[in-house]
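See structure below.
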Amino acid sequence: MAALAVVRDLREHWAPASAEELERFETDVLSGFVLARASAGLADGTIRGDVGHLDQIRSWFGRPLWDMEPADADVYFGKVLRHSPSGTRLGRSQALSTYFMFLELRHKVEIHRMTGRVVECPIDELNRPRGAKDAQLRIPPSEPEVGELFSGWGGELATCRKFAPTARNYTASKLMSQVGLRVSETCGLDLDDIKWDLGRFGKLHVRHGKGARGSGPRERMVPLINGADRTLRWFIEDVWGQFDDDHTRPGAPLFPSERKNTDGSARRVGDDALRNGLDNAVEAHLPGWTDKLTPHVLRHFCASQLYGNGLDLLAIQEVLGHSWIATTMRYIHVQQTRVEDAWVAGMERAAKRLEGLAR
């Protein structure tokens, strides 16, 4: 006669992990999810869309997604997204369901060991959104197009009626394209925030970075890579003095306004002035992108360019100041010739190896 085995609850045996361990594990899990979806043959745009949906849910939830329960999904889809387009609601539901399928198949045991939770999808037949999915992907201009914009804009500086504000708008937009600053972060910079003695190129102390939900401003140090150091040196040496004559004044803005404070010092520029300056330059020098090329799109361009030049995702995440790497992945837009270029380079390397063997 067979003996009955003792059944134990899986939740009884687990060793709590530290916050740092969980953060690293969450990043690794997401990377594995992306790789698995790529292995299944999904297009890059589809994968980026799913990761973007997960990032939005994660930002709202404030904890790793494996902690979500049906009641949390009820609140998110029933209240937070109550009036959102049906495509958005369905897309996020599908992305979340697929992610939990991945967690259950690949990481259920690990998550239990680290957290004591048993992974279970919070989307079920009762709260699953209904509708048709209609997702769109926004692509920034190419590097030659952005080069054309700034080349034409730079040439305009020699003949424009108001040199100082035009040069300020040009410099601010170029800085956004080089190191991915948000327009609000750019407006909030002081002269003292440039730390020329840090690192190989100098760094920007971004004190008013966008924080996660409810966490307040998130500071970061941004290396002046990608030519940003030369852009700022030219502006400070040749332009800044036309707004103000006191470089040592505490709190002196890096990008001043034409308007003055009561003491005669220059005020800080507003984001509307920078946005309008970019709009006018695009209309004049890159008309095909009129009403489409915004400071935020320049931030996407920066991320894509840095990735194309060999910077890894974690480094780009640090430059852009994202809390979660999934957000950074949504900013990476690979040019259509990248696969072909890599294939040609591989064939050339193979030909050289064969040539060396034949000698």
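Atom set for the values below is all heavy atoms of this structure, side chains included, hydrogens, waters and symmetry mates excluded.
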Give a yes or no on whether the backbone of Thr248 and the side-chain of Asp246 come within a donor-acceptor separation of less than 3.5 Å. yes

Between Trp66 and Phe61, is the ring centroid distance below 6.0 Å? no

Can you list the residues that meet the side-chain hydrogen bond (donor to acceptor under 3.5 Å, both in side chains) rule with Ser39, with sequence neighbours excluded? none

Close side-chain approach of Glu148 and Ser151, heavy atoms under 4.5 Å: no

For Asn261, which residues count as a side-chain hydrogen bond (donor to acceptor under 3.5 Å, both in side chains) partner, sequence neighbours excluded? Ser265

Give the C-alpha distance, both sets of side-chain angles, the deciding distance and a yes or no for salt bridge (charged side-chain N to carboxylate O under 4.0 Å, His left out) between Arg58 and Glu26. CA-CA 11 Å; Arg58 174 64 167 81; Glu26 186 178 14; 2.7 Å; yes

Is the count of non-hydrogen atoms from other residues, nucleotides or ligands lying under 6.0 Å from Glu23 atom CD greater than 12? no

Does a sphere of radius 6.0 Å around CZ in Arg106 hold more than 12 heavy atoms from other residues, nucleotides or ligands, not counting ones at 6.0 Å or beyond? no

Is the ring pair Phe243/Phe235 parallel, tilted or perpendicular, if the boundaries are 30 and 60 degrees? tilted

Scan Arg168, Gln242, Arg267 and name whichever one has a side-chain hydrogen bond (donor to acceptor under 3.5 Å, both in side chains) with Glu258. Arg168

Let me know which of Arg299, Arg220, Arg207 forms a side-chain hydrogen bond (donor to acceptor under 3.5 Å, both in side chains) with Glu185. Arg220

So, are Glu348 and Arg353 salt-bridged, with charged N and O less than 4.0 Å apart? no

With a 6.0 Å cut-off on the ring centroids, do His107 and Phe33 count as close? no

Testing Asp193, Val269, Ile236 for side chain to side chain contact (heavy atoms under 4.5 Å, CB included) with Leu254, which one passes? Ile236

ring-ring contact (aromatic ring centres under 6.0 Å, His included) contacts in which one or both residues fall within residues 158-207, not counting sequence neighbours: Phe150-Tyr170, Trp153-Tyr170

